Amino acid sequence: MLKFSLSKKVIGLDISDHTLELVRLEKTGNKVNIKNKARQTIEPNTIILGKINDKEKLRNTLIKIFSQTDIKIDTNDTIVVGMPEALSY
């Protein structure tokens, strides 16, 4: 079960070699709701085997995915970032 102990709003960002996925979850009472989500394809060779190869292309893709949504990050938000499994151990 997902617990919102740090804030009522959680922003999740999943980064893979080919896509960025963004979601904003918000707690209202005892319920957790998806408030917004987006998916953006990453240009080829921006990330190769989980390593950033082109920072500028990744930066532009991040700007693009956030501009597709009304997700704004503030200092009270909890941010969760997913990374490729091969790089997590």
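Residue numbers start at 1 and run along the sequence shown. In what follows, every heavy atom counts, from backbone to side chain, and hydrogens, waters and symmetry copies are set aside. Computed from a prediction, not measured in an experiment: that's the story for all the values here.
Between Leu20 and Ile42 the shortest side-chain heavy-atom distance falls below 4.5 Å.
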Sequence neighbours excluded and cut-off under 3.5 Å, please list the side-chain donor-acceptor pairs for residues 52-62, or say none.
from: Asn53; atom 1: ND2; to: Asn45; atom 2: O; distance (Å): 2.9
from: Asp54; atom 1: OD1; to: Glu56; atom 2: N; distance (Å): 3.2
from: Asp54; atom 1: OD1; to: Lys57; atom 2: N; distance (Å): 3.1
from: Asn60; atom 1: ND2; to: Glu56; atom 2: O; distance (Å): 3.3
from: Thr61; atom 1: OG1; to: Lys57; atom 2: O; distance (Å): 2.8

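For Gln68, the side chain to side chain donor-acceptor pair (under 3.5 Å) test picks out Gln40, with sequence neighbours left out. Glu21 pairs by the side chain to side chain donor-acceptor pair (under 3.5 Å) definition with nothing, not counting sequence neighbours. For Ser67, there are no side chain to side chain donor-acceptor pair (under 3.5 Å) partners at least two apart in sequence or on another chain. Evaluation of the side chain to side chain contact (heavy atoms under 4.5 Å, CB included) rule for Thr69 yields Leu22, Asn36, Ala38, Ile71 as partners, not counting sequence neighbours.
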Would you check, one step at a time, whether the test side-chain contact (heavy atoms from CB on, under 4.5 Å) holds for Leu13 with Ile79?
CA-CA 8 Å; Leu13 177 63; Ile79 311 293; 5.6 Å; no
Step by step, work out the side-chain contact (heavy atoms from CB on, under 4.5 Å) result for Val80 and Val10.
CA-CA 7 Å; Val80 180; Val10 173; 3.9 Å; yes
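Of the residues listed (Thr19, Ile65, Val23), the one engaging Arg39 in a side-chain contact (heavy atoms from CB on, under 4.5 Å) is Thr19, and it is the only one.
Between the CD1 atom in Ile47 and the CG atom in Asp17 there is a gap of 6.0 Å [rounded to 0.5 Å]. Rounding to the nearest 0.5 Å places NZ of Lys9 at 10.5 Å from OG1 of Thr78.
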